[in-house]
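Structure, as C-alpha cells:
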Amino acid sequence: MPQPVVHPLLLGPSALDIFIGRERELGQLQDALAHACTGRGQLVLLAGEPGVGKTCLAEKFTTLARHQHVSVLWGRCWEGDGTPAFWPWVQIVRTYIQQCPSDTLTIEMGNGAGDIAHVVTEVRERLAAVRPSRTGESDSARFRFFDSLVAWLKRAAIRQPLLLILDDLHWAATSSLLLLRFFARALQDAHILVLGTYRDTDVHNALPLSEALGALVRESQHVTMVGLAREEVAQFIHSTLGSAPSTGLVTSVYERTEGNPFFVSELVQVLAR
C-alpha cells in the first residue's frame, strides 16, 4: 500500500514549538532558580553548538519562571559593528523601567540613578528629576555604573525575584562581559538568577568571550547541551509528522544530524515534502 503524502502545510509544530528531552538541563535551571528565590543567586552559563536548543530551553524556562511569579528580563547580544556599549544590559534596564512605577523606580535606584542614566538614556526620560552623572568614560565612572546597576537590581529583586537572560554571549562586547563578571561576584546574597547562553563552537581567541570565559566559568554553574538521544529524535519526528516513524527513518535522521534539533527539524521537513 502506498504511503500517504504529507503536505507541508499539514506538518505538526516546528522545531521552535517542540520541546522534547532536556529534563536534566531544565532541572538544573529550576534548582538554580529555587536557590535564587531564597536569596542565593548565581550565574548559570548554558553552552552548546548552533541549533542545539539553547534559546528554546531558555524560553521554556522563562515560562516556568513567570508561573512562579519571577520577573524575567531578556538582553540579546547583537552580531555586527556599531552595537552600543552594554547593549544586552541596556535592553534589560529598558524593559524593567517600562513596567515599573516611577515612584518605585526612584526608590529602588536611589543615589545610583544618575550613574545608570549616564548609560541608559531612558532612565532620565522616565525620571525627570534624575541628572546623568558627568563623569566621562573613565575606569572609575565605569565602576560606579557597575556598582549602581547591581545594587539597584538587587534591591528590586527583594520585591520580586529576577531572572536575567543574556542570549548569544558569543557576540557580546567586552563592556557587557566585564559587567557580567562584576555581577556574578555579587549574586551570592541576591534574589537573582542570571542565565547566559553561548555557542561553545564559536569561542576562539578573536572573540571577547574567549578572554572572559575562564573567569566567568569560575563564578558560575556551567550547563552544556548536546544533541538529542535516538529515542528523543523519534519523539521529535512523531510530534512533527503526527505519526510514529519507522526505525530506519529514525536511524537515518539521527545519524545525519547527530540529534541536533534544528537539523532534525530541517531534514524531517524535507523528507515530508
Tell me if a side-chain donor or acceptor on [X] pairs with a main-chain N or O of [Y] at a distance below 3.5 Å.
X: Ser133; Y: His118; result: no
X: Ser265; Y: Pro261; result: no
X: Arg124; Y: Ala117; result: yes
X: Arg24; Y: Gly21; result: no
X: Ser175; Y: Phe86; result: yes
X: Asp167; Y: Lys54; result: no
X: Ser220; Y: His222; result: no
X: Asp168; Y: His170; result: no
X: Gln160; Y: His69; result: yes
X: Ser176; Y: Ala172; result: no

Could you tell me whether the side chain of [Y] reaches within less than 4.5 Å of the side chain of [X], counting heavy atoms only?
X: Trp89; Y: Phe183; answer: yes
X: Glu258; Y: Val233; answer: no
X: Thr55; Y: Arg76; answer: yes
X: Leu164; Y: Leu153; answer: yes
X: Leu45; Y: Leu169; answer: yes
X: Val72; Y: Trp74; answer: yes
X: Val123; Y: Leu105; answer: no
X: Leu179; Y: Phe145; answer: yes

> In terms of ring plane angle, is the pair Tyr96 and Trp152 parallel, tilted or perpendicular, where the classes change at 30° and 60°?
Replying inline: perpendicular

Looking at every non-hydrogen atom in both residues, tell me the closest pair between [X] and [Y] and how far apart they are.
X: Arg181; Y: Leu216; result: CG-CD2, 3.4 Å
X: Val44; Y: Ala32; result: CG2-CB, 3.9 Å
X: Thr257; Y: Val264; result: OG1-CG2, 3.2 Å
X: Leu43; Y: Gly196; result: CD1-N, 4.5 Å
X: Phe61; Y: Leu29; result: CZ-O, 3.3 Å
X: Ser140; Y: Ser138; result: OG-OG, 3.0 Å

> Would you call Asp189 and Lys154 a salt bridge, taking side-chain N to carboxylate O under 4.0 Å as the test?
Replying inline: yes

Cluster check [X], [Y]: I/L/V/M/F/W/Y, side chain < 4.5 angstrom:
X: Ile192; Y: Ile158; answer: no
X: Val226; Y: Phe236; answer: no
X: Leu162; Y: Ile107; answer: no
X: Ile165; Y: Trp171; answer: no

Side chains of [X] and [Y] only: does a donor on one sit below 3.5 Å from an acceptor on the other?
X: Arg230; Y: Thr251; result: yes
X: Arg94; Y: Gln98; result: no
X: Tyr254; Y: Glu232; result: no

>> I need the single residue from Gln221, Gln42, His191, Arg40 that forms a side chain to side chain donor-acceptor pair (under 3.5 Å) with His35. Which is it?
In response: Arg40

>> If you apply the rule salt bridge (Lys or Arg N to Asp or Glu O under 4.0 Å), what do you find for Arg144 with Asp147, and how did you get there?
In response: CA-CA 5 Å; Arg144 283 194 294 274; Asp147 187 52; over 6 Å; no

> Would you find more than 12 non-hydrogen atoms of other residues, nucleotides or ligands less than 6.0 Å from Trp87 atom CH2?
Replying inline: yes

>> salt bridge (Lys or Arg N to Asp or Glu O under 4.0 Å) for Arg199 and Glu49? Distances and angles first, verdict last.
In response: CA-CA 5 Å; Arg199 297 176 183 173; Glu49 65 181 4; over 6 Å; no

